[in-house]
Structure formats: C-alpha cells, structure tokens
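Heads up: the structure comes next, in structure tokens.
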Amino acid sequence: MPRYANVIIDISHEKLDKTFQYKIPTDQQDVIKVGMQVEVPFGNGDRKSTAFVVELTDTPEYDISKLKEIKGVVKESIAIESQLIALAAWMRKNYGGTMNHALRTVLPVKQKSREKKQRFIWLAMSRKKARESLAVFEKKHNTARAKLLSSLLEQNPLPYEVATRKLNIAAAVIRAMENMGILRVEEKRAYRSPLREMKQSRKRVVLNEEQRQAVDVIWKDFSKGKYQTYLLRGVTGSGKTAVYIELIEQVVKRGRQAIVLIPEIALTYQTVLRFYQRFGERVSILNSKMSPGERYDQFERAKNGEVDVMIGPRSALFTPFSNLGIIIIDEEHENSYKSETIPRYHAREAAIERARMADASVVLGSATPSMDSYYQAKTGNYVLLTLEKRIEEKPLPRCYIVDLREELRQGNRSILSEKLQELMNQRLKKHQQIMLFINRRGLAGFVSCRACGHVVKCPHCDVSLSQHNNGRLMCHYCGFTSDMPKKCPECGSNYIGGFKAGTQKIEEIVKKRFSGARVLRMDLDTTRNKDGYEKILSSFANQEADILIGTQMIVKGHDFPNVTLVGVLAADLSLHVSDFHGSERTFQLITQAAGRAGRGKQAGEVVIQTYSPDHYAIELAQKQDYEKFYEIEISYRELMQYPPIGHMLVMLVASEDEMTAILSSELLAAKIRQAQENGKLIGLQMIGPADAGVAKVKDIYRKVLYFKHQDYLVLIQIKDVLEQFVGRHREFGNVIIQFDFDPMNGF
Ligand code: ADP
Ligand code: ZN
Ligand code: ZN
C-alpha cells in the first residue's frame with residue numbers, strides 16, 4: 001500500500017507541477033486513489049484546504065517527520081477534475097512520461113493574463129422594450145444613454161471598458177441605467193461561442209432503415225444503462241454523421257453531454273454546420289488555430305453547462321463535461337488520433353477509458369476501420385454495426401487500376417496515364433470536376449524499380465528500406481543497412497531510384513497538359529495561413545475550379561457533388577512506408593479517395609495508378625472489399641506478430657552527443673538482454689538499437705529500440721523498468737527517453 005500522496009492544491013494554477021506531499025493515514029491507505037479530492041492542512045497556519053491527489057508513492061520526497069497527514073476524503077466529491085486526473089494517471093501508466101505531462105494533457109491550464117476579471121454590461125430587458133426606451137432617450141436628447149443603449153442593442157454584452165473609453169459614457173450614467181433596470185454590470189466573463197455567425201435552418205433528415213437500426217441498437221443499450229463501445233462501419237456516403245446526430249440528440253435529452261472527435265482536417269464549416277443546425281449554440285468546437293485562452297473559454301463553457309456537445313480533434317476528449325453520455329470518434333482509423341507528444345496516447349483507447357469512468361457509450365465510425373478496431377469487434381470487445389448502402393442507393397464508383405510499369409513499357413513516362421488523361425478530357429468537356437490525389441505521407445524515401453515495381457526491403461523485418469542522406473539504405477526497425485543498388489536486383493533495369501513526385505510538380509504537369517483547365521492545389525504550402533484550407537475547399541465546392549490536386553488532406557469527408565473522377569496518382573507511396581501499416585494505409589486511402597467520386601447525381605469513376613497492381617491492398621480497395629482485406633491483413637499481422645495481434649513498444653533514446661545516444665541505447669538493450677538471459681521477459685523480442693526514422697533533429701541524435709510481445713502489460717513493465725533505471729543513473733543525465741506503444745507515426 002502506498003504511504004504517501006502527492007497532491008495539487010490549486011487546479012487552475014499555472015504550475016500544475018507544484019505538488020505537495022502528505023502522509024496517508026494508515027486506515028486510509030486502501031481508500032485513497034489518484035484523482036480523489038482530499039482535505040489537507042496547508043501553509044503555516046495549517047489552513048484546511050481541499051486538494052486533488054495526483055500520485056501515490058512509497059518513497060518520501062522530504063523528511064518524513066516534517067510531512068503532514070491527509071485529514072480525510074472529501075465526501076460526495078463530484079468534481080469533474082477527479083475523473084480527468086484519474087484518466088491522466090491511466091494515461092501515464094499506459095503510455096509513459098511523467099504525471100505532469102499527463103496532467104497538462106487533460107487539464108487546460110488557465111492563462112495568468114486571463115485571470116483578471118473583465119466587467120461586462122448586459123442588456124437586462126427584452127430587445128423590444130430596449131428599442132422603446134431608446135426612442136424615449138432620443139426624444140429627450142439623452143445622448144449618452146441613447147448611445148449606450150443602441151450600442152448594447154448591437155453588441156450584448158458590451159465590455160465595460162468599451163463603454164467608458166470608446167463611447168465616453170460616464171460611470172454615473174451606467175449606474176443610473178442599471179438602477180432603472182435597463183442593464184446590469186457583471187464581472188463574470190462571457191465566453192463567446194465560436195459559432196455565432198452560423199445560420200440555423202430547420203432541415204431535418206429522416207433516417208433510413210439501416211441508420212435507424214444502428215441508432216436503435218445503441219440507444220436500447222444506453223437506456224438500460226449498458227454502456228459499450230460500438231464500431232459503426234459504413235461505406236463512404238452511407239450517412240454516418242446523421243446517425244451520430246440522432247444519438248447525440250437522445251443523449252442530450254436525458255441531460256447528458258456528448259463529445260465528437262473529428263480529425264482536424266475534416267472539421268470544416270460544412271461538417272460543423274450539420275451539428276449546429278440541430279443543436280444551435282449548445283454546440284461548441286475546438287481547433288488548433290484557437291489560442292490557449294480561447295480553448296480554455298470553451299472548456300469553461302462546457303463546465304458551466306452552457307454547451308452539450310463539443311466537437312474537435314483529439315484534445316476535445318478532455319472536455320470537462322460532468323455528465324458525459326457519449327463519445328463519438330469519426331474516421332476512427334485516422335493517424336491523427338495518436339498523439340505525437342508525451343504522453344503518446346491513442347484517443348480511441350483514452351476515450352474508452354474515460355467512457356468507462358463516466359458510464360458513457362463510445363461510437364467509432366469509419367468506412368475503413370483500423371485493423372485494431374475491427375479486430376476488437378471481431379473478438380467481441382466492440383459491438384459491430386454496419387451501413388452497407390450509400391444514401392439514396394447511389395452506386396459506388398467504378399474503379400480502374402492502371403499498371404504504371406506497363407505505361408513505361410508503352411513509352412509514357414508522364415505521371416498521368418493514358419487512361420487518366422482520356423477520362424480527364426471527357427470530364428472537362430462535360431464541365432464536371434476532377435480530384436487528383438497524391439499521397440505524400442510515404443515519402444520517407446523508399447527505393448523502387450519503375451520497370452518492374454520491385455521495392456527494396458529489409459530481409460529481417462519486411463518493411464521498406466529508407467534512403468538516407470549519405471546514399472545508403474537503412475531499416476528503421478533493426479538498423480540493417482545496404483548500398484543503394486545501381487540496377488534493379490529483380491529485373492536489371494536502370495530505372496531504380498527514390499520515388500519523387502510533389503503536388504507542385506503535378507500541378508505544373510497538369511496545367512501544361514490541360515491548358516484551359518482551372519487548377520487548384522491543396523497541400524501544406526497552400527493551406528499554411530489561417531483560412532487557406534477553407535478557402536480552397538469552398539472555391540472548389542463553388543465550382544470555381546475544374547481540378548483539385550492535393551495530398552491526403554483532400555480525401556477527408558468532403559462532399560463535392562460535381563466530382564465524377566478521382567485519380568490516385570501513385571498508390572504505392574503509402575504502400576511502402578517504412579513500418580508495418582503500409583497495406584492498411586493504402587487500402588484506407590484508396591477507399592476514402594474513391595469515396596469522393598459520384599456523390600452527386602452522376603456516377604463516379606476512379607483511376608488508381610500503381611506499380612503493384614497485384615498487391616492485395618490495391619486489388620481489394622478497387623473492389624471495396626473491406627472484409628477480405630481484413631482477413632488477409634490480419635493473417636499477415638499474425639505471422640509477424642504485429643499489432644493488433646501482438647504489441648509493440650518503441651523506445652526513443654536521444655542525446656546531443658552521438659556517442660552518448662549510441663552507448664545509452666546499447667546499455668539499455670543490454671539491461672533487457674540480461675533480464676532475458678535470467679529467464680525473465682519470456683516471449684519478448686527486442687530489435688535494435690537502430691537510427692530513428694528521423695535520425696537527427698536539431699542536432700539531437702535519435703536511436704530507437706523496438707520491443708514486441710503478445711502481452712501489452714509486459715511492455716508496460718519494460719517501460720517502467722527502463723524509466724526507473726534511467727532515473728536512477730546519473731550517466732543518463734543528458735539523455736532523453738520517450739516511449740511509444742503500438743506506434744503509428746514513428747519517431
Ligand atoms: P458518411 O459520413 O457516411 O460519408 P454523410 O453522413 O456525410 O455520410 O452523408 C452523406 C450525405 O447524405 C450527406 O449529404 C447527408 O446530409 C445525406 N444524408 C444522410 N442521411 C440521410 C437520410 N437519411 N436521408 C437523406 N439524406 C441523408
Ligand atoms: Zn526491376
Ligand atoms: Zn530490419
């Protein structure tokens with residue numbers, strides 16, 4: 001039983017890491033848990049204060065005789081923070097890092113500058129009455145009063161300073177009007193809704209049979225207090241969002257709240273509007289463009305009960321709703337749900353944990369569920385629900401596969417195949433729109449043969465080797481290296497090299513080939529400024545362009561009814577990423593990209609260009625056969641013991657000094673090997689150390705160690721052991737370590 005508790009006194013304090021240690025009374029040692037609110041004597045006068053327990057430990061940090069004792073647990077504490085702190089503790093345990101990292105992830109820190117309370121003037125009567133009073137003031141030439149009242153009619157509430165400084169209204173006038181009951185002055189901050197400018201309409205969709213059934217299953221369970229995780233697999237355009245909205249409405253009617261996670265990139269005006277139309281200002285959003293203060297405001301609104309639904313990317317999961325009923329994760333297969341900063345949590349797993357604590361349901365939606373989620377559904381941990389049909393039975397698009405090796409043989413060295421050019425011409429004549437998609441995510445530098453499609457892979461790990469600056473090829477899992485081949489080892493052709501094709505280059509080619517066409521490009525460059533992204537999308541939606549060229553950001557959830565042709569320019573790029581997700585990503589990307597075509601009245605067509613036309617990910621994406629793809633892929637994962645069958649842990653060891661990085665990673669590897677030799681950690685496979693995918697960042701050298709085991713708990717054990725080992729030894733003073741469980745994006 002842990003004997004000491006670290007607590008934080010002021011949760012809104014800028015320094016969440018300001019913890020204080022207390023002794024736990026012996027009879028309370030099995031009662032006190034992380035997250036609980038306790039009473040403690042605080043400060044010199046031993047003032048009675050409440051505090052949150054953030055960590056339990058057996059090692060005292062101070063002189064034991066000076067430690068004070070916890071007085072007791074706060075009875076009937078329902079502070080939402082308790083739950084979030086417990087979630088932080090869970091995240092820390094499962095993903096590594098310090099408790100402070102975890103707390104900062106789940107609790108928004110109040111900005112010091114914002115703590116100053118601002119005063120606001122609020123209208124205290126109906127607008128109609130106010131207009132009548134205004135007329136009276138104007139008639140009486142009460143200029144100051146009239147000016148303030150008409151300003152209030154335009155902006156309510158009005159910051160007090162605006163009235164006094166900008167409008168030059170005397171404080172006495174404000175007080176007089178307050179006494180007349182026209183207005184009131186309040187210190188409370190008004191948290192603005194970020195959605196004020198949206199237009200509300202009364203349009204309501206009637207669910208079809210399939211949608212109805214999905215809602216019914218979930219709702220029946222919910223009504224019985226049976227909270228589960230559901231996986232809603234619905235083909236693109238099958239109306240998943242309508243299902244979410246219906247469920248949320250029911251949940252909200254019961255006085256509970258909803259969190260909707262959507263990848264940032266799909267969090268467009270179009271999407272938010274659909275929620276706004278049903279819930280009005282009871283919906284709020286979060287996005288990465290908001291300042292910390294704005295985000296804090298939205299969390300405050302949620303806590304104060306001003307909103308029922310929060311929509312946002314990963315971090316919206318930590319919205320402090322006190323009576324959470326449902327968490328929805330749309331496009332659950334998306335990589336962006338995995339955090340790339342410490343703790344490297346997966347929003348899906350964290351959501352399931354939060355829902356468990358809060359007694360809430362979780363709905364995961366996707367046209368192409370992740371292998372992980374489908375595996376959970378197959379093994380009975382999630383409930384599987386499917387939407388097989390597109391809305392209004394619109395057919396899925398017709399899909400062609402073009403073999404780029406064949407194109408080369410025919411003498412076409414362009415990135416646009418004959419078939420694609422022909423179909424593009426047809427569309428341009430008919431004034432229909434085209435999307436061209438290039439997946440740059442895989443541009444880690446794999447090497448392939450353009451004549452036969454051969455890709456150079458690691459003989460030990462079955463992942464593509466990556467080209468490094470020094471020209472050598474390397475495996476990021478095990479460190480295997482080889483020289484860059486001059487000729488294809490498979491067919492002897494000279495057309496072997498790194499695959500290069502950027503959106504900008506493609507734009508040039510397309511403009512040259514189709515000189516009359518209006519072309520838009522969407523990638524990191526063109527969307528850097530604040531509205532770049534929305535602007536391009538709305539311009540394309542308004543048919544101000546014929547062709548949209550883009551990276552994976554164009555395949556997400558957008559609805560363009562006039563798009564009848566989608567071209568996937570080089571499907572292989574995602575196939576050969578240097579980790580085990582290549583096939584899964586490729587299947588997802590092609591299926592999602594294809595889903596953009598033919599959402600309007602005319603049927604759609606898709607051209608997939610590839611050097612590996614026989615690869616199962618590509619063949620089955622063409623047929624939109626998710627089930628078959630899953631079967632093949634899961635047997636591959638089984639064979640290699642990759643997730644979701646086995647589990648993986650990557651440990652990053654980084655240092656400014658290259659030798660330190662190398663020696664430290666080898667020392668840690670030796671430590672594990674030693675344990676293995678002593679008969680511990682049975683079934684563990686260790687690979688590396690090797691260079692990380694990005695081997696050097698800002699002059700910091702990065703090494704990785706991979707661990708594979710059937711049991712996630714064993715990996716957690718390894719993390720704990722290594723974390724403690726590093727903490728105890730001074731040699732590691734200049735070494736940064738980080739952990740990533742079941743990695744998705746890599747280091
Ligand atoms: P998904 O998220 O599955 O790709 P959406 O929820 O975006 O699909 O739905 C696709 C389109 O169909 C949207 O324009 C939506 O408004 C419309 N829609 C959804 N459900 C219905 C319905 N029951 N009746 C009519 N239209 C619907
Ligand atoms: Zn070849
Ligand atoms: Zn390898």
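All ligand and atom numbering here is 1-based and tracks the order in the structure.
- A salt bridge links K338 to D740: at least one charged side-chain nitrogen sits closer than 4.0 Å to a carboxylate oxygen.
- Considering backbone and side-chain atoms alike, G239 places an N or O below 3.5 Å from some N or O of ligand 1.
- The aromatic rings of Y630 and Y374 sit perpendicular to each other, their planes meeting at more than 60°, with 30° as the lower class boundary.
- Residue contacts with ligand 1, taken as heavy atom pairs separated by less than 4.0 Å, involve V206 solely via the backbone atoms N, CA, C and O.
- Those atoms of ligand 1 that come under 4.0 Å of a heavy atom in K240, given as number and element, are 1 (P), 2 (O), 3 (O), 4 (O), 6 (O), 8 (O).
- Under the 4.0 angstrom criterion for non-hydrogen atoms, S238 is in contact with ligand 1.
- Protein atoms that are N, O or S and lie under 2.8 Å from the Zn ion (ligand 3) are these: C458 SG, C461 SG, C475 SG, C478 SG.
- In this structure, E584 and M371 approach most closely via the heavy-atom pair OE2-N, 2.9 Å.
- Heavy-atom minimum distance, I618 versus P613: CG2-O, 4.4 Å.
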Q: Tell me, with the steps shown, if Y611 and E407 meet side-chain hydrogen bond (donor to acceptor under 3.5 Å, both in side chains).
A: CA-CA 10 Å; Y611 292 97; E407 292 286 311; over 6 Å; no

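- F540 and F560 have perpendicular rings, their planes meeting at more than 60° on a 0 to 90° scale where under 30° would count as parallel.
- Where the criterion is an N or O separation shorter than 3.5 Å, residue side chain and backbone included, T236 fails it with respect to ligand 1.
- Between E331 and K240 no salt bridge is recorded (no basic side-chain N to carboxylate O distance below 4.0 Å).
- Note: angle at the Zn ion (ligand 2), from SG of C449 to SG of C491, is 110° (rounded to 10 degrees).
- Under the 3.5 Å distance criterion, the side-chain polar atoms of N208 are matched with a main-chain donor or acceptor of E210.
- Aromatic ring centroids of Y382 and Y230 lie 6.0 Å or more apart.
- Contact atoms of ligand 1 toward N208: 23 (N) (distance under 4.0 Å to a heavy atom of the residue).
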Q: Test side-chain hydrogen bond (donor to acceptor under 3.5 Å, both in side chains) on T564 and Q432 and set out the steps.
A: CA-CA 6 Å; T564 58; Q432 294 173 359; 2.7 Å; yes

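- Inclusion of R274 in the set of residues having an N or O under 3.5 Å from an N or O of ligand 1 is warranted.
- Of the heavy atoms in T241, both backbone and side-chain atoms come closer than 4.0 Å to ligand 1.
- Shown here is R413, whose CZ atom has no more than 12 heavy atoms of other residues, nucleotides or ligands within 6.0 Å.
- For ligand 1, the polar-atom distance check against G237 finds a nitrogen or oxygen pair separated by under 3.5 Å.
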